[in-house]
Amino acid sequence: MVVVSIKTKLKWVLAGIVVLICLAILVMAVSLNIRGEQWAIAADLKYSLTAGDSNERIAFLKQFGWDVEEEPVEVTEVVIPETFNSVYEQYNEIQKQQGLDLSKFGGVTCKKWVYQVTNYPKPGESVRATLLVADGKVIGGDISSVALDGFMTSFLGENTEVKQTGAQISDQVEEATPVEAAEIPADAWPTD
């Protein structure tokens, strides 16, 4: 029989060391999760959401079979609204279909990257891939035709369940009300 006797001070020191080791493991786990690759699942396809640089954004689209030009057509900042109108609700249905959900990002400012798709199967149709990226991860996006009567669908392509045509989208956008010239103040124009 072996008997080990430890003084009280030593017990507290060992307990402190165990607590510090546990905290270090927790910090490492959280750090790896934040910096690690995140995944989404859509139609039995598990895909990476990493999109921190140009190569990662292009690789993101390649997961779905899309080839795009290296240089984006457009890069802008977008604020996801906290409350969705009917257009955002329908757009979010496309996101949910591809394993994403924009409603989790209400109020978040993200970058919108738009790329020209080069391998769309119908020749002559201009198709673009839009990625919404926050903190180096894709939070939403779509594949769409630039034609007014074109389409908008998930990254999975036109054969997916939820899609909209350009005409449906334009029907939902409120017409801008023109401003009468009489309503513009005289001092609104720059003078030399």
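Quick caveat, the model's predicted, so the values are computed rather than measured. Residue numbers start at 1 and run along the sequence shown. No hydrogens, no waters, no symmetry mates; every other heavy atom, side chains included, goes into these values.
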**OP:** With rounding to the nearest 0.5 Å, note down the distance linking OG in Ser86 to OH in Tyr91.
**Re:** 15.0 Å
**OP:** List for me each residue that meets side-chain hydrogen bond (donor to acceptor under 3.5 Å, both in side chains) alongside Ser145, sequence neighbours excluded, and say none if there are none.
**Re:** Glu125
**OP:** Would you please name every residue forming a salt bridge (Lys or Arg N to Asp or Glu O under 4.0 Å) with Glu69, sequence neighbours left out?
**Re:** none
Original post:
So, Asn85 side chain and Tyr88 main chain: donor-acceptor pair closer than 3.5 Å or not?
Top reply: yes
Original post:
Pick one: which of Val75, Leu131, Thr76 meets side chain to side chain contact (heavy atoms under 4.5 Å, CB included) with Lys112?
Top reply: Thr76
**OP:** Ignoring hydrogens and angles, tell me if any N or O in the side chain of Gln98 forms a donor-acceptor pair with the backbone of Gly141 under 3.5 Å.
**Re:** yes
**OP:** Identify the two heavy atoms, one from Ala129 and one from Val117, that lie closest to each other, and give their separation to 0.1 Å.
**Re:** N-CG2, 3.8 Å
Original post:
Between OG1 of Thr50 and CZ of Phe60, what distance do you get to the nearest 0.5 Å?
Top reply: 9.5 Å
Subject >> Check: Tyr47 ring centroid to Phe155 ring centroid under 6.0 Å >> reply: no
Original post:
With Asp101, which residues qualify under salt bridge (Lys or Arg N to Asp or Glu O under 4.0 Å), at least two apart?
Top reply: none
Original post:
If you round to the nearest 0.5 Å, how far is CD of Glu71 from CD1 of Ile58?
Top reply: 8.0 Å
**OP:** Give the intermediate values and the outcome of side-chain contact (heavy atoms from CB on, under 4.5 Å) for residues Leu49 and Leu100.
**Re:** CA-CA 10 Å; Leu49 298 174; Leu100 305 172; 3.7 Å; yes
Original post:
Partners of Glu77 by side chain to side chain contact (heavy atoms under 4.5 Å, CB included), sequence neighbours excluded?
Top reply: Thr109, Lys111
Original post:
Hey, what do you get for SG (Cys110) to CG (Leu102), rounding to the nearest 0.5 Å?
Top reply: 7.5 Å
Original post:
Within the side chain of Asp135, is there an N or O that forms a donor-acceptor pair under 3.5 Å with the backbone of Lys137?
Top reply: no
**OP:** Without swapping roles, check the side chain of Gln97 against the backbone of Glu93 for a donor-acceptor pair under 3.5 Å.
**Re:** no
Original post:
Which residues satisfy the side-chain hydrogen bond (donor to acceptor under 3.5 Å, both in side chains) test with Ser126, sequence neighbours excluded?
Top reply: Gln116
Original post:
Any side-chain donor paired with an acceptor under 3.5 Å for Tyr115 and Arg128?
Top reply: no
Original post:
By salt bridge (Lys or Arg N to Asp or Glu O under 4.0 Å), which residues pair with Lys104, not counting sequence neighbours?
Top reply: none
**OP:** Calculate, to the nearest 0.5 Å, the distance between atoms OG1 and CD1 belonging to Thr153 and Ile94 respectively.
**Re:** 6.0 Å
**OP:** Could you pull out the closest heavy-atom pair between Gln63 and Ser48, with the gap in Å?
**Re:** OE1-N, 2.7 Å
